2 protein chains.
Amino acid sequence: MGRRPKLLPDSNDDTRQRLILAAGELFAEKGFGDTSVRDIARMAGANVAAVNYHFTSKENLYLEVVRFVLGQMTAVRRTAMADIVPAALTQPQAVEALRVLIDREIRSYVSSDLPRWYARLILRCIMSKSPVLDPIMEQAFRPNRQALMSLLKAACPHLSDEETRLWAYSITGQIVFYNFAREPILLLAREKEYTEKFLRSVVAHITRVTFSGLGLDKHPVRRPKKQAGKKS
Amino acid sequence: MGRRPKLLPDSNDDTRQRLILAAGELFAEKGFGDTSVRDIARMAGANVAAVNYHFTSKENLYLEVVRFVLGQMTAVRRTAMADIVPAALTQPQAVEALRVLIDREIRSYVSSDLPRWYARLILRCIMSKSPVLDPIMEQAFRPNRQALMSLLKAACPHLSDEETRLWAYSITGQIVFYNFAREPILLLAREKEYTEKFLRSVVAHITRVTFSGLGLDKHPVRRPKKQAGKKS
DNA sequence: GACTTAAACAAACATTTGTTTTAAAATAGA
DNA sequence: TCTATTTTAAAACAAATGTTTGTTTAAGTC
């Protein structure tokens, strides 16, 4: 099929896309060095040479994969935030948005708009100081932190910048941990997969910790009997 | 020199140990697949064949490295806990031990009894579901969680098992995040290395969040004007 | 000193790696 | 149809990989 002007890198429908998806999954699971182009080609149902034909090199394919994932995540975050956060943000709205944000993030570990390996790939990249760290900083880490800090500031105007940043890291750290340490946690819980019940208790806990620490709860430290907050 | 009975694996003083240390550092930094035995040998100042001579294979060297690191970490944790936690634990002692624990863990990111790459290597292993996950579970993840949960239970007898576990993950998550996401955090902070000042504020924050959430602080939620909390 | 053995080393090994080449197949436009 | 271009496929490539070999060095034993 010789007609696509190759202007839009995403206009490819077939092999190229399959390669990106296969490579992404393998990179996320085993890392760059432990994944061979032959594995990628096999999983994508393509020829070995296809990698170099479409991406010129394995390393370039890696960059393309990260680019692709970042694009997807950015798009989803945009719509999600637009979905959660009203245009003009009142303080109670910010509090509610914060609650929904925590809930959504944790719940994405069992079901999400995006494939599970997206986040794992980014986690991998973040830990290794690879050249892809820059785009990840600009398109994922920084905007995520920024969005969270904005919500926190709107919910708690009395917070200083430093306190806000520390809170953002505390919330993110608690949440990410369940993704990062998924295997050990599941092993100790003797589960094969995160259960809805388990994640619900995690959400309730992190929410309680956060809101209590921020002074946003009505009943200071007392823990709710049933967790009756639903929303969405 | 043919005289060492090879009974004690740690009795080796020279090449074998250097190989383990070099390999560990490289594995921790770049991962298994991105590290070649030649790199390892070069860094250890040894011959390429030394790896196979002493460890029979690269993969076996990897196992040996993890074993070694786990041993070191276990030993340090034992003495550290014995140092912190009194034999018979009163509630106020548990609270204080908890405080010291958080402080020590965070501060280990800038200076520690153990080389920095130990924890990074374990973090790497935890994220990839490698065969070394089992020993890591038994010698690191589970005992660490257990120790933390014991302290929490002693400090807050009213906590249920599930609440205790959730708190352990919350504390661990917050702490580990600063190791896991070290690069991005430092980039956004425009620092080359964690500063004492920065880590002090992190310790203060995590401690405040934890103690406030657990109801262990004297002044419930009120935040200090200047962050005058000192301790230690 | 003869003998043994652990260790180190350089060289070569076989395999796997990413990549290139070459040609055939597929597709679109004339 | 013919032609041009893109895509696929098999094979081969050079480089790098993990590993093995044969030899040498040094230390301990008789």
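Fair warning: this is a prediction, and the values are worked out from it, not measured in the lab. In what follows, every chain begins at residue 1, and chains take the letters A, B, ... in the order their sequences are listed.
Rounded to a whole Å, the CG atom of A:N52 is 17 Å from the P atom of D:dC13. Atom-to-atom, CZ of B:R18 to C1' of C:dA7 comes out at 12 Å; the value is rounded to the nearest Å. Whole-Å rounding puts the A:F55 CZ to C:dG18 C1' distance at 15 Å. A straight line from CZ of B:F27 to C1' of D:dG18 spans 12 Å, rounded to a whole angstrom. Computed from coordinates, the B:D14 CG to D:dT25 C1' distance equals 15 Å when rounded to whole Å. Separating the NZ atom of B:K58 from the C1' atom of C:dT17 is a distance of 12 Å, rounded to the nearest angstrom. Atom OH in A:Y53 sits about 17 Å away from atom P in C:dA25, given to the nearest Å. A straight line from CG of A:N47 to C1' of C:dA24 spans 12 Å, rounded to a whole angstrom.
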Counting only pairs under 3.5 Å, give me each side-chain donor-acceptor contact of residues 132-139 of chain B, with atom names and distances, residues two or more places apart or in other chains.
unit_1	atom_1	unit_2	atom_2	d
B:E138	OE1	B:R142	NE	3.4
B:E138	OE2	B:R142	NH2	3.2

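The main-chain N or O of B:S130 is never found under 3.5 Å from a side-chain atom of B:S128 such that the two would form a donor-acceptor pair.
Salt-bridge check for B:R165 with B:D161: failed, with every basic side-chain N at 4.0 Å or more from each acidic carboxylate O.
Note on B:T56: every side-chain N or O is 4.0 Å or more away from OP1 and OP2 of D:dT19. Residue B:H54 has a polar side-chain atom (N or O) positioned under 4.0 Å from OP1 or OP2 of C:dA8.
Ranking C:dA8, C:dT19, D:dA10 by closeness to the B:T15 side chain, first place goes to C:dA8.
B:A49 comes within 4.0 angstrom of a nucleotide base, judged by non-hydrogen atoms across all strands.
In this structure, B:F32 and B:F27 have tilted ring planes: the angle between them lies in the 30° to 60° band.
Residues A:T15 and A:H54 bring no donor and acceptor atom of their side chains to less than 3.5 Å of each other.
Taking a 6.0 Å sphere around CD of A:E191, one finds it holds more than 12 heavy atoms contributed by other residues, nucleotides or ligands.
Sorted by residue number, the members of residues 29-44 of chain A with any non-hydrogen atom under 4.0 Å from DNA chain D read A:R38.
Take B:N179 and apply the side-chain contact (heavy atoms from CB on, under 4.5 Å) test, not counting sequence neighbours, and it matches B:Y109, B:A119, B:R120, B:L123, B:R182.
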